[in-house]
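One structure is given here, and the rest of the page talks about it.
When reading the values below, keep in mind they use all heavy atoms of this one structure, side chains included, and skip hydrogens, waters and symmetry mates.
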Amino acid sequence: MKRSYHDLNDEQQQAVIHNAGPALILAGAGSGKTRVITYRILRLIDELKVSPFRILAVTFTNKAAQAMKDRVGGLIGPQRAREIFIGTFHRLCLSILKLHADKLGYQPGFTIYDDSDQKALIKECLWDLKWDEKQVHPYAVHSYISAAKNELKNPKEYEEVVAGAFMERVAQIYPRYQAKLRENNAMDFDDLLFNGVLLLKQYPDILESYRKRFEYIQVDEYQDINMAQYQLISAIAHPLNNLYVVGDPDQSIYGWRGADIRNILRFEQDFPGAKVFKLEQNYRSTKSVIQAAQAVIRNNSQRKEKELFSLREMGETPTYYQAEDDKDEAEFVVKTLYERLGEPGRKFSHVALLYRTNAQSRVLEDACRRHNIPYVIVGGLKFYDRKEVKDLLAYLHVLVNPKDSVSLRRMINVPIRGIGGGTVTKLEESAKKQDITLLEAAHQAAQSGEFPKKATQALLNFTQIMEGLIAEKDLILPGEFVKMVLERSGYLTDLANDDTLESKMRAENLKELVNSVVDYEKYAEKPTLEGYLDQVSLFADADKLDDKRNCVTLMTMHNAKGLEFPIVFITGMEEGLFPHNNSMEEDSEVQEERRLCYVGMTRAMDILYLTGAACRYVYGTPQWRAPSRFLSEIPKDMIQVTGKAASIVATQGGLYEVEGAKKKKAFDELKDPEWDEEGVAAPFALGETVKHKKFGKGMVISMIGSGEDLKVTVSFPNHGKKQLLAKMAHLEKVE
């Protein structure tokens with residue numbers, strides 16, 4: 001090895017000196033994979049005398065590509081680095097299509113449509129078919145078409161695999177959508193990959209030119225590639241197969257957007273003779289963090305065996321805190337955070353608060369505000385700045401203050417109800433002329449029939465909803481009233497019909513806003529809707545935080561990938577939340593959730609806290625949940641357990657007591673407040689094993705309701721998650 005490589009460990013050196021042929025670098029978390037890729041490129045150029053022009057390096061994000069360019073430039077010089085193609089898969093395909101798209105019938109200068117352009121085109125298709133976009137949502141249609149393109153299915157091939165009424169409608173829209181793209185000489189983002197692969201398949205001479213150019217190919221984050229990316233890179237690599245891929249099956253967490261973990265698991269079968277190198281030394285975390293994370297990920301079967309280790313000190317044993325509820329959880333986080341900041345050299349920026357879903361951030365944000373902790377949200381807006389939250393707050397502002405025309409303009413057509421911009425402009429002119437409110441002008445127009453029939457009916461429906469809500473505003477508690485607004489407005493129904501991951505997250509955020517209203521009711525002397533809005537306004541306007549300040553970082557675990565922090569809190573370690581309800585039907589989905597847990601845990605450099613709540617509010621209603629199964633996979637000697645809510649926590653070795661816990665709050669003694677009044681005890685304990693006549697044995701993971709209406713959610717190994725009405729299910733306890 002040359003002196004340039006002196007800072008590589010033995011495993012890294014072996015990977016770097018690989019000369020030719022396929023190679024799989026299994027790079028564990030924090031093992032220095034980017035360093036290996038960049039030094040491998042350096043060796044190709046300096047020792048094997050490969051022209052930089054013959055080297056291809058692809059990754060997934062522009063940020064990652066730029067970081068790689070900078071590091072390669074630092075090793076071989078910026079000028080030589082510019083000769084190497086370092087970029088994303090989409091950038092590679094765009095460069096190919098810019099030269100050859102005419103072969104597929106496109107003219108020079110074709111446009112790449114962004115999300116808003118794509119949705120507008122899908123809406124045109126719906127109009128052509130005379131379909132109501134309330135029933136066939138453009139966002140959902142786009143999501144299905146995108147998935148089809150990533151699997152390289154054209155409209156005809158997609159039609160052959162449709163299953164269900166919605167897919168049948170997508171199958172009718174897909175060819176029309178593609179035809180409209182053609183008419184506009186445009187491609188969408190997914191077309192870049194789809195057409196890139198199609199071009200290389202149909203024109204062998206073009207494919208051969210790229211095979212000759214890119215003799216050595218490096219792929220980063222190989223565990224995240226989808227079908228289109230796999231076929232693209234495989235086609236260019238053949239027949240030399242100088243394909244050098246770096247990845248980690250244990251960090252494959254993007255299956256929901258098309259990534260196929262099988263591509264990395266079957267690499268040796270797809271590329272016979274492939275060499276496999278393992279990077280197992282973690283440079284980031286203490287031994288105790290790595291040991292706990294390894295204990296969790298070992299429970300996955302979809303992986304390649306490797307044993308991550310650290311040469312750092314043992315460090316603190318990770319802590320699990322079992323909170324009484326999500327408020328107790330948030331208070332524990334901020335209290336512990338302050339204690340840690342009292343240690344020498346600690347800063348707010350050393351701390352990350354991680355969660356499974358964006359909706360969880362609300363309770364943490366409120367706690368940070370109460371305790372004057374500066375924070376920044378990564379990969380998303382602050383809770384009260386999210387579109388759906390601002391939409392619902394606009395409803396509430398108009399209901400409290402019908403003169404608020406700004407809020408009315410925001411929500412009058414949310415969800416879409418046929419009141420377009422032209423109609424609103426005319427209403428504003430009428431309101432100004434008559435010196436009345438915009439809402440009054442809408443009511444007047446609905447009665448007068450001055451607008452076309454469709455617009456008049458839409459205005460009539462809207463004003464009737466608003467009048468009904470205004471009449472009931474002061475008759476019920478704010479939390480119940482906000483639920484009524486969501487139901488009567490049709491907002492939640494609209495999101496449910498959308499049927500995309502984004503819409504589900506937005507629905508969760510709206511339900512979390514209901515929780516914030518219920519929280520307000522608990523401590524307000526006389527809770528009113530006006531009082532709640534005043535509180536939110538103070539939260540929103542006071543202490544506008546500068547993201548460049550020394551801040552605590554809040555983010556989802558998906559957004560945390562690739563980052564590291566001295567202190568990490570992973571919140572919401574509960575069945576139904578993590579692993580998430582939506583990911584508990586199939587074992588493969590639970591395995592992806594476990595990988596996400598592993599990714600979250602390995603973000604911690606020095607100190608790791610895991611927290612969960614025995615009771616968490618969902619849409620204003622308390623739900624009792626069992627601790628996450630991932631906690632039970634950490635041996636007792638690798639985790640210290642504390643908390644207020646539970647005296648027992650399931651672990652690999654069975655159940656054990658939490659030191660200092662309140663015995664009266666054990667899982668099998670937790671009760672809904674209504675149960676106390678009725679004198680009805682919970683029939684099951686969370687985490688208890690029960691038996692069902694049809695589904696067999698399973699674990700109780702949550703309970704909601706009481707008495708005759710008690711619903712028990714049970715996770716069955718062979719049948720997934722089932723919510724059962726207790727009085728009808730005839731569940732038996734298994735001793």
Got a sec, which residues hit salt bridge (charged side-chain N to carboxylate O under 4.0 Å, His left out) with Arg616, two or more places apart in sequence or on another chain? Glu329, Glu574

Whether Arg35 side chain and Gln12 backbone form a donor-acceptor pair below 3.5 Å: no

Proximity of Tyr254 and Phe60 rings by center, below 6.0 Å: no

Flag, side chain of Thr556 to backbone of Asn358, donor-acceptor distance under 3.5 Å: no

Tell me if a side-chain donor or acceptor on Glu593 pairs with a main-chain N or O of His580 at a distance below 3.5 Å. yes

Taking only residues two or more places apart in sequence or in another chain, which ones pass side chain to side chain contact (heavy atoms under 4.5 Å, CB included) with Arg266? Tyr230, Arg262, Asn263, Gln269, Asp270

Using salt bridge (Lys or Arg N to Asp or Glu O under 4.0 Å) as the criterion, point out the one residue from Lys287, Arg346, Arg284 that pairs with Asp606. Arg346

With sequence neighbours excluded, residues passing salt bridge (charged side-chain N to carboxylate O under 4.0 Å, His left out) with Lys63: none

Are more than 12 heavy atoms, taken from residues, nucleotides or ligands other than Lys327, located less than 6.0 Å from that residue's NZ atom? yes

Go through the side-chain N and O atoms of Glu589 and Gln591 and say whether any donor and acceptor fall under 3.5 Å apart. no

When you measure from the centre of the six-membered ring of Tyr222, is the NZ or CZ of Lys304 closer than 6.0 Å and no more than 45° off the axis? no

Would the distance check show the side chain of Ser310 and the main-chain N or O of Ser285 forming a donor-acceptor pair, the cut-off being under 3.5 Å? yes

Counting distance only, does the side-chain N/O of Gln251 pair as donor-acceptor with the main-chain N or O of Asp224 below 3.5 Å? no

